[in-house]
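What follows is a single structure, written as structure tokens, with notes after it.
Nothing fancy with the numbering, it's 1 onward along the sequence.
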Amino acid sequence: MSVLLEVENPMVLGRIEYPTPPYEPVVTFEMHDDFGSFIACGDVYFEIGDAFIHIDNISDYLAAGYRDDSTYNMSDSEVIAYVEEHYGFAHTKK
């Protein structure tokens with residue numbers, strides 16, 4: 001059963017619903033790509049549309065989704081430049 005709180009604030013319309021106790025918020029800083037691979041600090045990952053792809057999985061992602069297998073024989077720096085030029089953005093997790 002939800003707990004409802006009546007609000008007397010002109011900036012808030014309606015009611016605020018809080019989850020029922022016991023509520024334990026979960027905060028996680030782990031990041032995984034769309035293939036399920038863990039992205040650690042310092043790892044390069046790509047943002048292509050709404051997908052996040054680890055650099056280890058980018059060649060498989062491009063081959064499956066775009067029928068582009070040209071990145072299999074490239075170095076990491078070449079892959080980063082190629083993907084940024086044609087598909088999306090490269091990021092380094094901090």
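- Here the closest heavy-atom approach between residue His32 and residue Ile39 is recorded as C-CD1, 4.2 Å.
- A donor-acceptor pair is defined here as one N or O able to donate and one able to accept, closer than 3.5 Å; such a pair exists between the side chain of Glu78 and the backbone of Ser75.
- Across every non-hydrogen atom of Thr71 and Tyr82, the tightest pair is CG2-CD2, 3.5 Å.
- At distances below 3.5 Å, not a single donor-acceptor pair connects side-chain atoms of Glu47 with backbone N or O atoms of Phe52.
- Val44 and Met74 end up in the same hydrophobic cluster when Ile, Leu, Val, Met, Phe, Trp and Tyr side chains are linked at under 4.5 Å.
- Separating the OG atom in Ser37 from the CG atom in Asp56 is a distance of 7.0 Å, to the nearest 0.5 Å.
- Both Tyr66 and Ile55 sit in one connected hydrophobic cluster of ILVMFWY residues. Membership requires side-chain heavy atoms under 4.5 Å apart, directly or through other members.
- Between atom CZ of residue Phe89 and atom CD of residue Glu84 there is a gap of 8.0 Å, rounded to the nearest 0.5 Å.
- Shown are Val79, Asp33, Leu62; of these, the side chain to side chain contact (heavy atoms under 4.5 Å, CB included) with Phe46 is made only by Val79.
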>> Show, in sequence, the C-alpha distance, side-chain angles and deciding distance for Ile48 and Val83, and conclude whether the side chain to side chain contact (heavy atoms under 4.5 Å, CB included) test is met.
In response: CA-CA 9 Å; Ile48 301 173; Val83 171; 4.1 Å; yes

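- Summarising the geometry of Ser70 relative to Asp68, their closest heavy-atom pair is OG-OD1, 2.6 Å, with the distance given to 0.1 Å.
- A perpendicular orientation is assigned to the rings of Tyr61 and Phe35, their planes being inclined by more than 60° (bins at 30° and 60°).
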> Between His54 and Tyr45, is a ring-ring contact (aromatic ring centres under 6.0 Å, His included) present by the stated rule, with each step listed?
Replying inline: CA-CA 4 Å; His54 191 277; Tyr45 67 94; 8.5 Å; no

